[in-house]
S.K.: 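Input: one structure, supplied below.
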Protein chains: 2
Amino acid sequence: MSDYEHTCLIRGDGGATLRAILDQICNKWTLLIVATLDRGTLRFTDLHQQIPGISQRMLTLTLRNLERDGLVARTVYAEVPPRVEYELTPVGKSLIPPALALAGWAIEHVPHIEASRAAYQPKSGR
Amino acid sequence: MSDYEHTCLIRGDGGATLRAILDQICNKWTLLIVATLDRGTLRFTDLHQQIPGISQRMLTLTLRNLERDGLVARTVYAEVPPRVEYELTPVGKSLIPPALALAGWAIEHVPHIEASRAAYQPKSGR
DNA sequence: CCGAATCCTACTAGATACTG
DNA sequence: CAGTATCTAGTAGGATTCGG
């Protein structure tokens, strides 16, 4: 089947729906957290350590968004010290394959893109 | 095959490579432009009209980025009045399928996500 | 241990006006 | 026609501190 008939999926409502979702998963940490949680249930501190460079703030915010969107389940255990576990919901897991498709494309074409960037000479000014 | 072995694609170098690419295609207009150009070669004004809401500035900036990354070819005809045509390169076209995969996921799960958002009750404070 | 609250900075995108 | 220049507002993300 040709791409032609299907790019309407992207252009759809002017791209608004798709972009809303894309914005959500592109916000620098979401995809990384989802990919990390794909390995299994993790606690807050585990996530914080397994994702280098993330701040507590962004980890909290991103997890809240994922929870709100139903991609991640948050379980609080009433213990001392407190324990909170995060895991992917089925919907969250279903994001992995398309994300991998894009990741595969990215990895595959990074050399080309970087070469193109290096060779790029702006025609006017800069 | 399991996702497990492959999420390394996402986590790879801490997600930096993938995120660099994702940031590029998530910047609100890129995917829309690529999807529009998938229909064929277009001039600047055509693009401007076919993509509702985009400003001249953002169209120019996004096209420049795409050109720099080798996803879009820009052809200037030395005529009066000036004519500039944009078309996808093979690499640009190769972005369509994985983008469609993600778009399909988005469209499919938007109802679930919106329902989840509506039902979401923050547990603490807010 | 798991956050919430606050402050701060840099970048993005939009509006508008001007140019070769 | 196909841009460029300038200005501005909004937001994402980082650092730090405090609380249960």
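Note on naming: letters A, B, ... go to the chains in the order of the sequence lines (proteins, then strands), and numbering restarts at 1 for each one.
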S.K.: Which of these nucleotides, C:dC1, D:dA2, D:dG3, is closest to any side-chain atom of B:Arg64?
M.R.: D:dG3
S.K.: Starting at CD of A:Gln24 and ending at P of D:dT11, how long is that distance when rounded to a whole Å?
M.R.: 14 Å
S.K.: Can you check each nucleotide of nucleotides 14-20 of chain D against protein heavy atoms at under 4.0 Å and return B for base, S for sugar-phosphate only, - for none, in 5' to 3' order?
M.R.: BB----B
S.K.: Output the rounded distance in Å from CG (B:Leu63) to P (D:dC1).
M.R.: 16 Å
S.K.: Output the rounded distance in Å from CD (B:Gln49) to P (D:dA2).
M.R.: 10 Å
S.K.: Which residues satisfy the side chain to side chain contact (heavy atoms under 4.5 Å, CB included) test with A:Arg43, sequence neighbours excluded?
M.R.: A:Asp46, A:Arg83, A:Glu85
S.K.: What is the minimum heavy-atom distance between B:Arg19 and A:Leu32, and which atoms define it?
M.R.: NH1-CD2, 3.8 Å
S.K.: Nearest whole angstrom, please: distance from the P of C:dA13 to the CG of B:Leu32.
M.R.: 13 Å
S.K.: When the distance from CG of A:Asn27 to C1' of D:dT11 is rounded to whole Å, what number comes out?
M.R.: 12 Å
S.K.: Counting any heavy atom closer than 4.0 Å, what does A:Tyr77 reach on the DNA or RNA strands: base, sugar-phosphate only, or nothing?
M.R.: nothing
S.K.: For B:Thr60, which residues count as a side chain to side chain donor-acceptor pair (under 3.5 Å) partner, sequence neighbours excluded?
M.R.: none
S.K.: Tell me, which pairs form a ring pair (Phe, Tyr, Trp, His ring centres under 6.0 Å) where one or both residues lie in residues 72-108 of chain B, sequence neighbours left out?
M.R.: B:Trp105-B:His109
S.K.: Tell me: CG of B:Leu61 to P of D:dT6, nearest whole Å?
M.R.: 14 Å
S.K.: Measure the distance from CZ on A:Arg74 to C1' on C:dA4 and round it to the nearest whole Å.
M.R.: 11 Å
S.K.: State which residues pass side chain to side chain contact (heavy atoms under 4.5 Å, CB included) with B:Ala73; sequence neighbours excluded, sorted by chain then number.
M.R.: B:Glu87, B:Thr89
S.K.: According to side chain to side chain contact (heavy atoms under 4.5 Å, CB included), who are the partners of B:His112, at least two apart in sequence or on a separate chain?
M.R.: A:Val91
S.K.: Give a yes/no on whether any side-chain N or O of B:Tyr86 is located under 4.0 angstrom from OP1 or OP2 of D:dG3.
M.R.: yes
S.K.: Using the side chain to side chain contact (heavy atoms under 4.5 Å, CB included) rule, take B:Ile25 and A:Leu102 through it: C-alpha gap first, then chi angles, then the decisive distance, then the call.
M.R.: CA-CA 10 Å; B:Ile25 72 165; A:Leu102 206 57; 3.8 Å; yes
S.K.: Can you measure B:Asp23 atom CG to C:dT12 atom P for me and round it to whole angstrom units?
M.R.: 9 Å
S.K.: Taking the side chain of A:Thr60 as its heavy atoms from C-beta onward, which of C:dA4, D:dA2, C:dC1 lies nearest to it?
M.R.: C:dA4
